[in-house]
Amino acid sequence: MRQICDWCGNEGNDAITVGIAHANSGPGRNLYACPPCKTAHRLLPLDQHPAESFGFPRFDYAATAAH
């Protein structure tokens, strides 16, 4: 299914779920990122979030850590 990237607005089949947009009344929705935006913004896929996560987008800071 084609999804729209919530960061750049491009539509494609390769967007991945990176979080959940919560709503006060009614259901929320999934947040999607295309591969370039996922890399540029260091977004973690939703299935890699910790179990106690509320679904807000998470960022991979380990990828930029100095060793």
Side-chain angles (χ1 to χ4, degrees):
M1 177 171 21
R2 297 181 69 80
Q3 300 296 342
I4 296 174
C5 175
D6 286 292
W7 275 257
C8 69
N10 289 334
E11 185 178 354
N13 292 327
D14 52 355
I16 60 165
T17 306
V18 294
I20 300 170
H22 297 274
N24 289 333
S25 61
R29 65 178 187 84
N30 289 338
L31 296 172
Y32 296 96
C34 64
C37 287
K38 178 192 164 295
T39 301
H41 298 287
R42 300 181 315 264
L43 295 162
L44 285 176
L46 186 60
D47 63 356
Q48 293 180 11
H49 288 201
E52 68 275 1
S53 170
F54 289 110
F56 297 111
R58 290 184 165 264
F59 305 93
D60 182 10
Y61 293 111
T64 59
H67 295 281

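Each residue takes its place number in the sequence, starting with 1. Note: hydrogens, waters and symmetry copies are ignored here, and every other heavy atom, side chains too, is used.
Rounding to the nearest 0.5 Å gives a distance of 7.5 Å between NZ of Lys38 and CG of Leu44. For the atom pair Asp6 CG and Cys37 SG, the distance stands at 9.5 Å (nearest 0.5 Å). The CG atom of Leu46 sits 7.0 Å away from the CG atom of Asn30 when rounded to the nearest 0.5 Å.
Smallest separation of non-hydrogen atoms from Pro57 and Leu31: CG-CD1, 3.6 Å. Of all non-hydrogen atoms in Ile4 and Gly9, the two that sit nearest each other are CG2-O, 3.6 Å.
Panel note: side chain Asp60, backbone Arg42; no donor-acceptor pair is recorded below 3.5 Å.
In this structure, the ring of His22 has its center less than 6.0 angstrom from the ring center of Phe56.
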Please lay out, stage by stage, how His49 and Ile20 fare under the test side-chain contact (heavy atoms from CB on, under 4.5 Å).
CA-CA 11 Å; His49 288 201; Ile20 300 170; over 6 Å; no

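A chain of hydrophobic side-chain contacts below 4.5 Å, direct or via other Ile, Leu, Val, Met, Phe, Trp or Tyr residues, connects Phe59 to Val18.
With contacts defined as side-chain heavy-atom distances shorter than 4.5 Å, the pair Thr17/Tyr32 qualifies. Between Cys34 and Cys8, the closest side-chain pair of non-hydrogen atoms falls below 4.5 Å.
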